[in-house]
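Letters go in sequence order (proteins before strands), and every chain restarts at 1. The model shown is predicted, which means the values in this text are computed figures rather than measured ones.
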Amino acid sequence: MSELVKAYESKDIEARWYQTWLDRKAFAGRVEEGKQPFAIMIPPPNVTGMLHMGHILNNTLQDIFIRRARLEGKAAVWFPGTDHAGIATQTMVEKKLRTEQGVSRRDLGREKFLGHVWEWKEKHGGIILNQLRQLGASCDWDRTTFTLDEGYAKAVLTAFVKLHERGLIYRGRRMVNWCPVSMTALSDEEVIPTAQQGFLYRMRYELCEPTVDHEGNPLTHLEICTTRPETIMGDTAVAVHPEDDRYRHLVGKTVYRPFPKAPITIIADDHVDRAFGTGVLKVTPAHDAADFAIGQRHHLPVIDVLNADGTISAAAGMFVGMDRFAARKAASAELDRLGQLIEAKPYENNVGFSERAKVPVEPRLSEQWFLKYPRVEEAKRVVSEGLVTFHPPHWSKIYLHWLGNIQDWCISRQLWWGHRIPVWYRKGADRNDPANQHVSVDGPSDPQNWDQEEDVLDTWASSWLWPFACWGWPDAQGEAKRELEFFYPTGVLVTGFDIIFFWVARMIMAGLELTGDQSVNSAAELPIEELRKRIPFKDVYITGLIRDALGRKMSKTLGNSPDPLDLIAKFGADGLRFGIVNIAPSGQDIKFDEKRVEIGKHFCNKLWNACRFRQMSGPAGDNRSPAAILARLSPAHLDAYDHWMLARLVELHRDAEKCFAEFDMPNYTNSLYQFFWNDFCAWYVEAAKSKVQASPAQRDHCLALQDLVLRQFLLLQHPVQPFITEELWEKLGYAANFGDLLQQTRLETAAELTASLAALGLAPDPAARARVAAVNDFVTVARTLKAQFNLGSKRDSILSVTCDDASWAILSGDLAETLRRLAGCSQVNRAATQPDGAPAAVSPLGTIYLDLAGAIDTAAEKTRLTKEIERLAKIVTAGEAKLSNEKFVATAPANIVEGARAQLNEAKAKLDENKRLLAGLS
RNA sequence: GGACGGUUAGCUCAGUUGGUUAGAGCAUCUCGCUUACACCGAGAGGGUCGCAGGUUCGAGUCCUGCACCGUCCACCA
């Protein structure tokens, strides 16, 4: 047992222990028959990613769960990996190539470009995983998986083929969200509605044949409002509501599209909102999802006026080649020139933005692959029936609501970086005819006659398989097969609410469709036991979003996002871990402030010093097992504080069990903090100081008890602060054999601890708690009294007490020395009568008088006593009112009534005593 | 337009099925380098629990309505 230095320094200790853990393969998980399985799948960070505060919170929580599971004796494994992140990675490498070599991906061609991306990935990918090591993440690194690994890719393609076989995947020309910058389709979830300042243009469309309005006045044109005049060239109709009296008589007539000038029909459609604008809608089937639907209903022609890159197409006939935003201005000017622009008023509306490229997306008609979501009803059922539980629970409502309204998922992306869709088209044939399509994992046997689909899959269409594809699905053999069967369904998924739709819901559907006993798939509804086997995880822990101290989102542009590695350097990984979990209220956004995580670092130092003090207090005993420590304890030596401490220790184990059962981690850190700092350090260790200086036997007994508390506390604290606890575990000699790790130890349950205490006659005496509470109250009253006379630290203060015999027995009994030490007094004497001129305060163990050499400030004393009397009087009044209420006495539970009575009596006694003291002053 | 959160001390948040005097950390003030820790110790001040009703012997906690803040969903051009 080497000596500890004065202040805790995290840096060297953390680096040393992490290496030790890696060397010993301490994080390796494996099938262990007879043990409960517990797996966590890391939400795979983008391979291009850098660690940010969200990762810190998220991964600290996962590490806490997995480390706790190990201590509980489960077969635990935390599965790490990274996501290829299609658009994000491709965009990043493209940008790099453009700035460094001045070439675009098209200049290079598919193969060469992908070569560059892989090269980048090999060189820089996975930095984030190294960063996680600094945080202390106990992932089973040998399992690290990348979503484009060969095995994983096979799983992705297999899933595609299976779902295609089951008729859930189809190709179609549909309206999709198109990103003109990335030049790919996006799913609905990748589009972020964003408020935009623009204009609402009000314009005239001339009637081909002048007529009259609904009141019989001459009518030469219709007024129409739009926010997008640049799509006028794509107008193929004008629509009004079928029951709109202003316009219904015009249905079937024609108006001129302003440019290129051409007649278009006036149609009637329910979709039109009579109250919006003029109640007339220009219909542009190629550029609006709703308009497209109208076009379908009315068999309208479709004129696509935009190119893939957002410039105006040749089909528009005007502004060809102009960017869409420039074209908007040009179209507006053209309307004005024609005298058809009535006004352009500032207008705010919601525009869908590309999540990645941050530009407005275009609704665009294109050929894409779509997936009908599988097992939607079952996916709802597993959550509503509690097979999968959200924490906090209200997220399940969001989840269920989304599942109730989903559209088919556009899974094709016009990118190169990703899983190329395993579909081949017969050369030169119609691609939309299924007869000309070949779908398989390995491709056709005569590849020369086929062209493979150019598109890749949406990244989420690969990561939705994560919980089972990582284990070698679909054709896991041998050990891999055993592992999948043993560890699936996994334990808890820890993630942010922002990807409940992207990922959580989809993983559940994928698991329900593709795992388990596939032979029962045709059943109309899968039995609940089958669902229980197919769910990907049992619990979903949703973390809040980390914001800055002002509540703003963290962003690069604001520069308000701290570098976690700086924070680790500043507070230690252990400090940061404790701090971030401690301030993360369940399910709410977190206002992050460096100041708020200091608590974690300070706590490390407190723990360190408490252990250091233990070393300084006396010789080490045999700490190699709980039994060895308990053997050093004897019932005969236990005083009230010892009993209370043991009771609290058991209680802490119980609290921890409850927190884990409820996934309440902030409360967990609070319990640990409160127990250690206040109960153990501030009261128990302080109280024990006098005992440590007494006889060697008493000292060793007291230190044995401290050794027990420290041992159990290190085990409980370890999931949150793994480094410092491992270090102290070693330094205090808790290893059963030389070199054993804390994390390979089995943590006793509250029940087990209770049983082993009882077996040795060490069961905590419940009465001790009240006694300790009374003494602590006495101490606090005495300290307050001293502080009021600025004697806070004068250890030679003398107290006199007037009290009954029972109280004096406590004050003068075996706790007498402890009590003097805690109160900071050299003497506590019993007084028969009130000493003259001494300030006084009332405690549960009698009235305390402070022996002051000089005269007291009578006026100040009066003020103080009067205030105390007022406070007590309120309590007495309330208590009397309550107890004189017959209904209360009759209805309320006995213990509540008893409590109220006891409280009233105590307050009354104190009140009388204070009144007496006040009277004595005048 | 729907739905879901939140509103408790100067700040950030706890507050279990309604039940004794509503708590913690930080910040502020006073005193203290007391033989683990100044990354510390002792003490103090600070809240009519967003507003208005209701249920109840009893409401921060349950019900109704309202206000404000936030988030998600929704094809008003």
Side-chain angles (χ1 to χ4, degrees), chain A residues 4 6-8 175 193 200 224-228 239 271-273 275-277 280-284 288-294 349-350 363 392 394-395 397-398 401-402 405 497-498 500-501 545 549 551 571 575 582-583 585 587-593 595-596 598-599 601-617 658 662 666-667 670 673-674 678 681-682 685-686 689 693 780 783-795 821 824 871-872 874-875 878-879 882 885-893 895-904 906-907:
Chain A
L4 301 175
K6 184 168 175 178
Y8 176 62
M175 215 56 177
L200 186 62
I224 303 181
C225 291
T226 185
T227 54
R228 305 203 55 192
H271 170 263
V272 179
D273 179 356
F276 186 88
V280 186
L281 170 71
K282 74 182 198 65
V283 184
T284 322
D288 183 281
D291 287 14
F292 180 71
I294 295 173
N349 66 339
N350 272 343
H394 75 259
W395 290 109
K397 289 182 197 164
I398 308 269
H401 182 258
W402 183 75
N405 295 288
F497 59 86
D498 50 331
I500 289 179
F501 309 147
L545 189 70
F571 302 110
N582 188 240
I583 65 168
Q588 283 178 59
D589 286 358
I590 297 126
K591 286 189 184 161
F592 180 83
D593 190 339
K595 195 86 191 135
R596 296 183 65 200
E598 272 183 1
I599 185 174
K601 181 184 178 172
H602 294 175
F603 197 27
C604 284
N605 199 53
K606 190 70 177 178
L607 176 59
W608 184 259
N609 273 287
C611 291
R612 195 164 74 92
F613 184 56
R614 159 63 191 92
Q615 285 191 328
M616 294 163 60
S617 298
K658 187 162 179 269
E662 294 172 356
N667 203 20
N670 274 335
Y673 187 88
Q674 161 68 27
N678 294 320
C681 291
V685 174
E686 287 304 319
K689 279 179 179 172
Q693 289 172 353
T780 302
R783 284 172 176 173
T784 306
L785 191 58
K786 284 175 66 187
Q788 271 154 350
F789 291 88
N790 286 344
L791 301 177
S793 55
K794 292 278 182 291
R795 313 218 118 235
R821 170 154 213 115
R871 187 181 72 87
L872 290 164
K874 265 193 216 162
I875 298 170
K882 187 181 282 184
N885 181 335
E886 282 173 28
K887 282 196 174 171
F888 171 70
V889 180
T891 323
N895 63 323
I896 298 294
V897 179
E898 267 320 296
R901 203 163 272 146
Q903 185 211 342
L904 175 61
E906 193 189 317

**Q.** 5′-ward residue of the pair A/Thr891/A/Asn609 relative to RNA chain B
**A.**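 In this pair, the answer is A/Asn609.
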
Q: Identify, between A/Ile590 and A/Val685, the residue whose nearest nucleotide on RNA chain B lies closer to the 5' end.
A: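 It is A/Ile590 whose nearest nucleotide is closer to the 5' end.
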
Can you tell if the side chain of [X] reaches within under 4.5 Å of the side chain of [Y], non-hydrogen atoms only?
X        : Y        : value
A/Phe888 : A/Ile896 : yes
A/Thr284 : A/Thr226 : no
A/Tyr673 : A/Ile599 : yes
A/Asp291 : A/Met175 : no

Taking atom [atom2] of [N] as reference, at what distance in whole Å does atom [atom1] of [X] sit?
X        : N     : atom1 : atom2 : answer
A/Lys595 : B/C13 : NZ    : P     : 17 Å
A/Lys591 : B/A27 : NZ    : P     : 19 Å
A/Lys887 : B/G18 : NZ    : P     : 19 Å
A/Lys397 : B/A3  : NZ    : C1'   : 9 Å
A/Asn605 : B/G41 : CG    : P     : 10 Å
A/Glu886 : B/U56 : CD    : C1'   : 17 Å
A/Leu545 : B/C4  : CG    : P     : 22 Å
A/Arg901 : B/G58 : CZ    : P     : 18 Å

Using the [atom1] atom as the point on both nucleotides, what is the distance between [M] and [N], in whole Å?
N     : M     : atom1 : answer
B/G32 : B/C37 : C1'   : 15 Å
B/A67 : B/A44 : C1'   : 36 Å
B/G23 : B/A9  : P     : 14 Å
B/C33 : B/C39 : C1'   : 15 Å
B/G6  : B/C66 : C1'   : 16 Å
B/G54 : B/U48 : P     : 22 Å
B/C11 : B/C4  : P     : 29 Å
B/G58 : B/C13 : C1'   : 27 Å

(Q) Regarding B/C37, can its base be found pairing with the side chain of A/Lys606 as donor and acceptor, where the two atoms are less than 3.5 Å apart? (A)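 Result: at least one qualifying N/O pair found.
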
Q) Looking only at N and O atoms, is any donor in the side chain of A/Glu686 or the base of B/A42 less than 3.5 Å from an acceptor on the other one? A)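 By the distance-only test, no, there is no pair.
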
Q: Specify whether A/Trp608 and A/Tyr8 have parallel, tilted or perpendicular ring planes, treating 30° as the upper limit for parallel and 60° as the lower limit for perpendicular.
A: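 It falls in the tilted class, 30° to 60°.
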
Under a 3.5 Å limit for both distances, which nucleotide forms a Watson-Crick or G-U wobble pair with [N], could you say?
N     : answer
B/G43 : B/C29
B/C49 : none
B/U35 : none
B/G18 : none
B/C68 : B/G6
B/A77 : none
B/A59 : none

Q) For the side chain of A/Lys606 and the backbone of A/Cys681, is there at least one donor-acceptor N/O pair under 3.5 Å apart? A)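 Pair absent, no side-chain N/O of A/Lys606 close to backbone of A/Cys681.
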
Q) Distance from A/Arg612 atom CZ to A/Ser617 atom OG, nearest 0.5 Å? A)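 A/Arg612 CZ to A/Ser617 OG: 10.5 Å, rounded to 0.5 Å.
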
Q: Output the distance between atom NE2 (A/His602) and atom CG (A/Asn605), rounded to the nearest 0.5 Å.
A: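 The distance works out to 8.0 Å.
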
Sugar-phosphate only, base, or nothing, as touched by [X] at under 4.0 Å among non-hydrogen atoms:
X        : result
A/Thr780 : sugar-phosphate
A/Cys681 : base
A/Lys601 : base
A/Pro363 : nothing
A/Thr784 : sugar-phosphate

Q. Of the candidate nucleotides B/A36, B/G19, B/C26, which contains the atom at the shortest distance from the side chain of A/Ala892?
A.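 For the A/Ala892 side chain, the nearest candidate turns out to be B/G19.
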
(Q) I'd like to know if A/Lys595 pairs up with A/Glu598 as an ion pair, taking the criterion as any Lys NZ or Arg NE/NH1/NH2 lying under 4.0 Å from an Asp or Glu carboxylate oxygen. (A)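 Yes, charged N to carboxylate O under 4.0 Å.
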
Q: Quick one, give me the B/S/- string for nucleotides 20-25 of chain B, reading 5' to 3', where B means a protein heavy atom under 4.0 Å from the base and S means that only happens at the primed atoms, P, OP1 or OP2.
A: BB----

Q: Sugar-phosphate atoms are those with a prime plus P, OP1 and OP2; base atoms are the rest. Using that split, label each nucleotide of nucleotides 67-77 of chain B B, S or - for protein heavy atoms under 4.0 Å, 5' to 3'.
A: ------SBBBB

Q: List the steps and the verdict of side chain to side chain donor-acceptor pair (under 3.5 Å) for A/Asn670 and A/Gln674.
A: CA-CA 6 Å; A/Asn670 274 335; A/Gln674 161 68 27; over 6 Å; no

Q.
Under the rule for salt bridge (Lys or Arg N to Asp or Glu O under 4.0 Å), what residues qualify as partners of A/Arg228, not counting sequence neighbours?
A.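 By the salt bridge (Lys or Arg N to Asp or Glu O under 4.0 Å) rule, A/Arg228 matches A/Glu230, A/Glu362.
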
(Q) Assess the residue pair A/Leu200 and A/Asn349 against the criterion (side chain to side chain contact (heavy atoms under 4.5 Å, CB included)); give the C-alpha distance rounded to whole Å, side-chain angles, the decisive distance to 0.1 Å, and a yes or no. (A) CA-CA 9 Å; A/Leu200 186 62; A/Asn349 66 339; over 6 Å; no

